[in-house]
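Note that ligands are numbered from 1 as they come in the structure, with each ligand's atoms numbered from 1 the same way. Residue indices begin at 1 and follow the sequence shown. Given the structure is predicted, the values throughout are model-derived calculations rather than measurements.
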Amino acid sequence: MIRLLVTSPLSPDFALPLDDGQSRYLTQVMRKGVGDEVLAFNGADGEWRCVIEQIGKRFVILRTQAQTRPQTPMPDLILLIALIKRGRLETVVEKASELGAAEVWPVVTERASVERAREDRLRLIANEAAEQTGRLNTPDIRPTLKLDKVLGDWDKTWPLGRRLLFCDEAGDAGMAADVLARERAGPWAILIGPEGGFSPGERARLRALPFTVPVSLGPRILRADTAAISAMTLWQAALGDWTSGV
Ligand code: SAH
């Protein structure tokens, strides 16, 4: 069934208007009509089965029927991704949404290939992936920041602490799966560098930080998108919601 990320609150017997894009998608692309059912979620109220109640000129009105899934917490995982080429960055955002990242922070590093990310387009990609993947929320795509600033503000941003899985291609760190097996769940972030890798200065600074956990992603050099997918997968399997929790 079609799932839509909406901004309205979701409660019993509630009429919610869809935005222009979603209305067109439902009626023109998916050829849905009055009486057809869709699922709606908003990141706070769980998932609700809704029926198309009215199709106006400019927008569709849904009526909530019943809650299908309660809102449940997601693992507290943030992905810090260096600015890589646009196509691959878009892939990383889509995979981060599927793999359950709570937030994606595009960061500028010394060897980043581009200066800016188009956050609005990335948000759209993250939201569509969240609808497809069955999440009850969507990752927050943060404004692009310099890595130096993110690291400098770390303790202020996360006063209760957050460990940083530093995916270091230098190859002298412990294997990610072994390292993560010894770690505990909680607030984590994963850092993936750009096509050009981390500079010696960046590596030295990162290794010296108390909240950093350097890891290797195996004996081969992975492209940044592959590395991001692999690291998120390993983290979910070790500390996230890809475990039976026993
Ligand atoms: N140009 C660099 C590779 C950068 S790969 C070089 O040839 O050395 C882009 C990013 O993916 C890296 O900065 C790192 O964060 C991650 N990555 C790729 N392969 C990795 C590996 N084997 N171990 C740890 N991280 C890796």
Counting only nitrogen or oxygen atoms and a 3.5 angstrom limit, does [X] reach ligand 1?
X    : result
L222 : yes
G218 : yes
A224 : no
V215 : no
C167 : yes

Please write down residue, atom name and distance for the protein heavy atom closest to [atom].
atom                    : value
atom 7 (O) of ligand 1  : I221 CG2, 4.0 Å
atom 23 (N) of ligand 1 : L217 N, 2.7 Å
atom 9 (C) of ligand 1  : P194 O, 3.1 Å
atom 10 (C) of ligand 1 : G193 O, 3.4 Å
atom 17 (N) of ligand 1 : A227 CB, 3.8 Å
atom 22 (N) of ligand 1 : R220 O, 2.8 Å

* Between CD of E195 and CD1 of I84, what distance do you get to the nearest 0.5 Å? ->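 Separation between the atoms: 6.0 Å.
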* To do: Apply the side chain to side chain donor-acceptor pair (under 3.5 Å) test between E47 and each candidate in Q71, R69, R135; give the one that qualifies.
  =>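 Considering Q71, R69, R135, a side chain to side chain donor-acceptor pair (under 3.5 Å) with E47 is found only for R69.
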* May I ask you to say whether E90 pairs ionically with R118, meaning some side-chain N is under 4.0 Å from a carboxylate O? =>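 Here E90 does not pair with R118 in a salt bridge, since their nearest N and O are not under 4.0 Å apart.
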* To do: May I ask whether A170 places a heavy atom under 4.0 Å from ligand 1?
  =>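 No; A170 lies far enough from ligand 1 that no heavy-atom distance drops under 4.0 Å.
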Determine whether [X] and [Y] make a side-chain contact, defined as any pair of heavy atoms from C-beta on separated by less than 4.5 Å.
X    : Y    : result
L83  : P194 : no
L206 : L164 : yes
I81  : V104 : yes

* To do: Quick one: which residue pairs count as a side chain to side chain donor-acceptor pair (under 3.5 Å) with a foot in residues 212-241, not counting sequence neighbours?
  =>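 Sorted result for residues 212-241: R88-D225.
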Region of [X] that comes within reach of ligand 1 [heavy atoms, distance under 4.0 Å]:
X    : value
E195 : backbone
T226 : neither
A82  : neither

* Just go through M175, R203, E169 and tell me whose heavy atom is the nearest to atom 13 (O) of ligand 1. =>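 Comparing heavy atoms across M175, R203, E169, the nearest one to atom 13 (O) of ligand 1 lies in E169.
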* To do: May I ask you to check whether E98 and T133 show a side-chain donor-acceptor distance below 3.5 Å?
  =>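 No, because no side-chain N or O of E98 sits under 3.5 Å from a partner of the opposite role on T133.
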